[in-house]
Structure formats: structure tokens, C-alpha cells
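Just so it is clear: chains get the letters A, B, ... in the order the sequence lines come, proteins before strands, and each one is counted from 1.
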Amino acid sequence: MSIFEYNGSALVAMVGKNCFAIASDRRLGVQLQTIATDFQRIHKIHDKLYIGLSGLATDVQTLYQRLVFRHKLYQLREERDMKPETFASVVSAILYEKRFGPYLCQPVIAGLGDDDKPFICTMDSIGAKELAKDFVVAGTAAESLYGACESMYKPDMESDELFETVSQALLASVDRDCLSGWGGHVFVVTPTEVIEKTLKGRMD
Amino acid sequence: MAKSVIDVPPKGGFSFDLCRRNEMLSEKGVKPPSFRKTGTTIVGLVFQDGVILGADTRATEGPIVCDKNCEKIHYMAPNIYCCGAGTAADTEAVTDMVSSQLQLHRYATGRESRVITALTLLKSHLFSYQGYVSAALVLGGVDFTGPHLHTIYPHGSTDTLPFATMGSGSLAAMAIFESKYREGLTRDEGIKLVSEAICSGIFNDLGSGSNVDVCVITKGCTEYLRNHKLPNPRTYVSSRGYSFTKGQTEVLSTKITPLKKNKVEVVEGDAMEE
């Protein structure tokens with residue numbers, strides 16, 4: 001059994017027209033037993049930058065705390081928020097630093113950069129960045145998510161349509177994965193507002 | 001007073017503090033994670049005016065393609081580029097690091113970087129990690145001594161060659177080179193040969209795929225032809241696509257947070273007095 005299948009997770013981020021959506025499942029399990037149905041995998045770094053972390057839950061929380069610390073330090077020194085591309089490089093460096101004893105996490109980073117241009121990126125557990133222009137996925141349901149997103153994605157979707165697409169892709173994929181599911185948590189971020197919704201999914 | 005562990009930004013290099021925990025996990029029967037690899041076909045050849053590098057664009061995570069259009073030709077210096085195969089994080093990190101070292105060296109010496117400098121920096125780093133930094137590279141560039149092409153293996157050994165291939169598709173690409181390479185190729189012939197070799201890797205090797213990237217380096221000029229050839233277009237797209245009506249997904253709760261526009265206040269200070 002792989003270490004990533006210990007807790008189970010599903011994460012997806014998708015780009016729309018001047019907006020992005022990032023979604024996760026809500027299950028926290030210990031192998032096949034579910035111990036929580038409201039686990040938060042997506043965290044806010046600043047108003048326009050979110051990071052979702054999949055993989056071993058303890059490393060998810062530790063890594064999130066380290067990243068928030070680094071960002072707060074950056075905010076104090078530079079008196080501004082970090083750009084998403086910069087943040088992705090910071091995460092990549094922190095993960096690569098532990099190349100031979102890695103954090104057992106795969107991050108998905110989504111943010112609005114300069115001119116509110118959406119930016120998404122994912123990495124493997126040692127920091128190899130993958131910048132995509134359409135969608136990125138991570139977690140135990142990743143293979144199903146690749147398939148669902150590949151067929152459902154359309155370029156330049158508005159925020160309503162993007163929300164529907166990302167939710168349908170997530171719910172369809174986690175239904176095919178035992179280790180993730182129990183609802184969904186979606187953030188859709190546009191230049192003017194952040195819409196956070198919890199989804200009703202199959203509770204099995 | 002209790003010793004507090006502060007997470008200060010480190011001085012650089014690798015940190016091994018999670019190794020013990022990860023080893024404990026693998027003793028308990030938990031498999032370590034697989035890293036993103038670039039299955040890859042990377043090639044380089046020397047033509048009459050310089051060097052041409054080529055690479056495919058597929059990144060894999062086990063049997064799954066995780067990136068259909070990744071960049072495997074990394075910038076080292078304005079006149080030196082490096083293709084990378086192996087573990088993606090290692091090739092990116094090692095080429096980024098040596099690129100920064102070359103920049104510092106250029107500032108210190110005031111001269112254009114030499115390919116042999118990049119070669120020595122890369123091989124000594126890889127050798128010192130005894131092959132654990134799994135990066136197989138094809139390094140090419142033109143400096144004042146002429147065009148150079150080298151291959152670097154993960155353990156730190158290097159070769160200097162007129163044409164080279166690395167990666168899982170290297171045999172397919174080398175077959176094309178061995179039959180069609182000759183000295184003194186022109187630019188167009190060289191690009192055509194490199195594209196053919198990469199296509200051979202794309203179609204015959206499962207670890208390589210998608211598009212062909214080409215980089216032509218000559219004295220004083222470098223051209224990076226990203227996605228020079230796209231032999232694998234997506235042909236199964238439904239023209240209608242999926243469309244979901246608003247409200248189709250069942251939502252339990254909604255929270256909308258408006259974002260305030262950040263107004264940057266520029267405060268004019270008083271002019272300094274002499």
C-alpha cells in the first residue's frame with residue numbers, strides 16, 4: 001500500500017476566464033476507516049492565493065504551517081503579498097530540500113497573478129513543478145480526475161460554469177475512488193470575490 | 001529556557017531530518033512515493049554553425065502522463081542550454097542551481113560562460129551525490145572556443161560527442177542519428193534530423209510523447225523553438241463539449257467573501273535637506 005493511500009485525498013484546480021477554482025474532497029481516513037468528514041485540505045495563503053495539499057495528513061498540516069510562516073515573513077519584509085509564481089517556487093524549494101526524506105504530500109497551488117491572470121500548478125512530493133494552462137489534479141483519485149477533467153474542461157469558462165464543471169468532475173471522480181469523497185469543498189476565486197461552497201456527495 | 005526550534009530559511013543544500021521517519025514507515029510496509037520522471041527522448045547534435053538540442057514534452061508519474069507539454073530544455077546561460085532526463089525535480093533543481101552559479105561567475109569574470117564550466121559544475125555536483133540525484137543531461141552550447149556537446153550521466157561521468165541521445169527513447173533516436181548524421185550539416189538539415197530523431201522516440205518509446213522542442217545555438221544567437229512540431233494533436237474533442245446548467249450540482253452551503261481592491265498609497269516624503 002502506498003503512503004499516499006493511507007489517508008486518501010482528491011484535489012483539482014481549474015482555470016477559467018480571469019478566475020480559478022480549486023476543489024477537494026472532505027474525507028480523512030486511516031486506511032479503510034473514515035475518521036472525519038470535514039477535513040480541510042485547501043488553505044488560504046492570501047486573498048488571491050490558495051494551496052491544496054494531498055497525501056499524508058500529518059505532512060499536509062506541517063507543510064501548510066511552514067508555508068504560512070514563510071509567507072507571513074515575506075509579507076513583513078516586503079509589505080506585500082507573494083505572487084503565485086513566486087510562491088510555487090518557494091514550495092518547490094522547500095520540498096526539494098527534503099529530496100532524500102521527502103514530505104509525503106503533493107501540493108496544488110492556485111492563484112490570481114498580475115492583472116488577475118489565473119495561475120495553477122502542481123508538484124510531486126519532491127517539488128517538480130508542473131505548470132498547466134487548463135487543470136491540475138492530485139490525490140488518490142488523480143487518475144479518474146485526469147479523465148473527468150480532460151473531457152469536461154473548456155477554455156475561458158465564467159465563474160458559474162467553472163464551478164459546475166469542477167464540481168461535476170470532482171464528484172464523478174471521487175465516486176470511483178474508495179479512499180476519497182464524503183462531500184466536496186470548492187473555492188471559486190474571481191478578482192472581486194471568493195465563493196466558497198460545500199457540495200453534497202455520496203457518503204460512502 | 002527551552003530550546004525553541006525556529007524555522008529560519010536554511011543556508012542551502014539538502015535536509016535529511018524526515019529520513020528516519022520515512023524509513024520507519026517503509027519498514028511498516030508502506031511503499032515510498034513515486035516521483036515524477038521525464039521518460040524522455042533528448043538529443044543533441046553539432047552542425048556547421050553550432051549546436052542543436054531537441055527534446056520531447058511528456059512527463060510521467062508511473063504509467064500516467066501527468067504533463068503533456070512540459071519543458072525539458074533548460075536555460076543555463078544565453079549561449080548554453082541543457083536537456084534533462086530522469087527525475088524531473090532533480091533535473092530542474094540541478095540545472096537551475098548551475099545556471100545561477102554560471103551567472104555569478106559571469107559577474108565575477110565579466111566574460112561569456114564556457115560550456116566546459118557548466119559541464120564541470122554539473123558533473124562534480126552529480127558525482128558528489130553518487131548517482132542519487134538522478135539527472136541524465138545533454139548539455140550543448142557555443143562559446144568562443146567553438147560549439148560543444150556533452151552528455152552527463154547521473155553518477156557524474158561525461159562524454160563529448162558530435163551527436164548524442166539520452167533517456168528511455170535514446171535507442172530509437174540514436175538509430176536515426178547513426179544512419180543519417182554527417183559532419184557539416186546546415187541549419188535546416190540539422191533541425192530536420194533532430195525532429196526526426198525525437199519523433200522516432202515519441203512514436204516508438206512509451207515514456208516519450210507529445211511534441212518536439214528544438215533549440216538552435218549558434219555564435220551570438222540562440223533560438224528556442226518551443227513546440228516546433230506537434231505530431232500528436234487531440235482529435236477526439238467533442239465540438240459541443242459538456243455543459244452543465246447552473247444549479248445542477250447540489251450545494252450544502254455557500255459563503256461569498258468580497259475582496260477589497262488593494263489601494264497603494266504613495267506618500268510623498270519631504271525632500272532631503274543638504
Side-chain angles (χ1 to χ4, degrees), chain A residues 1-4 6 47-48 55 59 66 69-70 73 80-81 92-93 95-104 106 122-133 137 142-143 146 151-154 160-161 163-165 167-168 171 183 189-201, chain B residues 7 9-10 12-23 25-26 29-38 59 61 64-70 87-93 132-133 237-238 241-262 264:
Chain A
M1 187 215 50
S2 156
I3 188 61
F4 289 118
Y6 187 74
D47 279 342
K48 292 184 182 173
D59 279 351
R66 273 193 78 179
F69 172 85
R70 290 291 288 266
L73 213 58
R80 64 183 177 95
D81 291 328
S92 178
L95 292 173
Y96 192 70
E97 195 196 350
K98 303 253 183 282
R99 162 70 170 90
F100 298 115
Y103 283 115
L104 302 163
Q106 280 167 329
T122 183
M123 280 167 223
D124 67 355
S125 54
I126 47 173
K129 267 187 282 194
E130 185 212 318
L131 309 159
K133 295 198 170 52
V137 303
E143 289 174 31
Y146 275 124
S151 44
M152 295 184 192
Y153 175 78
K154 279 187 294 202
D160 290 330
E161 209 193 338
F163 165 72
E164 296 292 334
T165 308
S167 313
Q168 292 292 326
L171 291 172
V189 180
T190 64
T192 48
E193 58 183 4
V194 172
I195 307 163
E196 183 186 336
K197 296 194 188 192
T198 45
L199 306 174
K200 179 164 192 251
Chain B
D7 177 27
F14 292 121
S15 132
F16 296 93
D17 51 1
L18 289 178
C19 284
R20 230 207 220 155
R21 177 202 71 160
N22 288 2
E23 213 181 291
L25 284 168
S26 51
V30 169
K31 284 196 312 229
S34 70
F35 303 137
R36 182 164 299 143
K37 288 189 172 288
T38 51
E61 202 159 5
I64 306 291
V65 175
C66 54
D67 195 348
K68 291 187 280 185
N69 206 0
C70 70
T87 304
D90 286 335
T91 57
E92 273 177 39
Y132 282 96
V133 175
V237 188
S238 145
Y242 279 85
S243 53
F244 301 107
T245 52
K246 188 175 166 174
Q248 191 170 347
T249 317
E250 283 186 72
V251 169
L252 290 171
S253 71
T254 310
K255 183 169 130 184
I256 303 183
T257 320
L259 296 177
K260 356 185 241 304
K261 266 208 166 305
N262 285 343
V264 179

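Note that CD1 of B:Ile256 and CD of A:Glu196 are 11.0 Å apart. Values are rounded to the nearest 0.5 Å. Between A:Lys133 atom NZ and B:Asn69 atom CG the span is 7.0 Å, to the nearest 0.5 Å. Distance CD1/A:Ile3 to CG/B:Leu25: 4.5 Å, rounded to 0.5 Å. Remark: B:Thr87 OG1 to A:Asp124 CG distance equals 8.5 Å, nearest 0.5 Å.
For A:Lys129, the parts sitting under 4.5 Å from any heavy atom of chain B are the backbone and the side chain alike. A:Glu130 touches chain B through backbone and side chain together, each having a heavy atom under 4.5 Å away. Residue B:Gln248 touches chain A through both its backbone and its side chain, counting heavy-atom pairs closer than 4.5 Å. For B:Asp90, the parts sitting under 4.5 Å from any heavy atom of chain A are the backbone and the side chain alike. Heavy-atom distances place both the backbone and the side chain of A:Ser151 under 4.5 Å from chain B. With a threshold of 4.5 angstrom between heavy atoms, B:Arg21 approaches chain A through side-chain atoms but not through N, CA, C or O. Of the two parts of B:Val65, only the backbone, made up of N, CA, C and O, holds a non-hydrogen atom closer than 4.5 Å to a non-hydrogen atom of chain A. When heavy atoms are compared at a cutoff of 4.5 Å, A:Thr165 approaches chain B by way of both its backbone and its side chain. Heavy atoms closer than 4.5 Å to chain B are found nowhere in A:Tyr6, neither backbone nor side chain. With a 4.5 angstrom heavy-atom cutoff, A:Tyr96 touches chain B via backbone and side-chain atoms both. Residue A:Leu95: no heavy atom, backbone or side chain, is found under 4.5 Å from chain B.
Looking at A:Glu164, its side chain does come within 3.5 Å of a backbone N or O of B:Gly247 through a donor-acceptor pair. A donor-acceptor pair under 3.5 Å is absent between the side-chain atoms of A:Glu161 and the main chain of B:Ser243, judged by distance alone. No donor-acceptor pair closer than 3.5 Å links the side chain of A:Lys98 to the backbone N or O of B:Asp17. The main-chain N or O of B:Tyr132 is found under 3.5 Å from a side-chain atom of A:Arg99 such that the two form a donor-acceptor pair. Although no hydrogens or angles enter the test, the distance criterion places a donor-acceptor pair under 3.5 Å between the side chain of A:Thr198 and the main chain of B:Ser253.
A:Tyr153 and B:Tyr242 have their aromatic ring centers separated by at least 6.0 angstrom.
When A:Leu171, A:Thr190, A:Asp160 are compared by the number of non-hydrogen pairs under 4.5 Å with chain B, A:Asp160 comes out ahead. Per-residue counts of heavy-atom pairs under 4.5 Å with chain A were compared for B:Lys255, B:Glu92, B:Glu23; the largest is that of B:Lys255. Interface summary for chain B: among A:Ser92, A:Ala93, A:Gly101, A:Gly201, the most heavy-atom pairs under 4.5 angstrom belong to A:Gly101. Chosen from B:Gly29, B:Ser26, B:Ser15, the residue pairing most often with chain A at heavy-atom distances under 4.5 Å is B:Ser15. Of the listed residues (A:Leu199, A:Ile126, A:Val189), the one with the most heavy-atom contacts under 4.5 Å to chain B is A:Ile126.
The minimum heavy-atom distance linking B:Ala89 with A:Ala128 is given by the pair N-CB, 3.4 Å.
Between A:Phe100 and B:Phe16, the ring-plane angle classifies as parallel under the 30° and 60° cut-offs.
Annotation for A:Glu143: atom CD does not count as buried by contact number, only 12 or fewer foreign heavy atoms lying within 6.0 Å.
Contact annotation: the side chain of A:Pro102 approaches that of B:Asn22 to within less than 4.5 Å [non-hydrogen atoms, C-beta and beyond].
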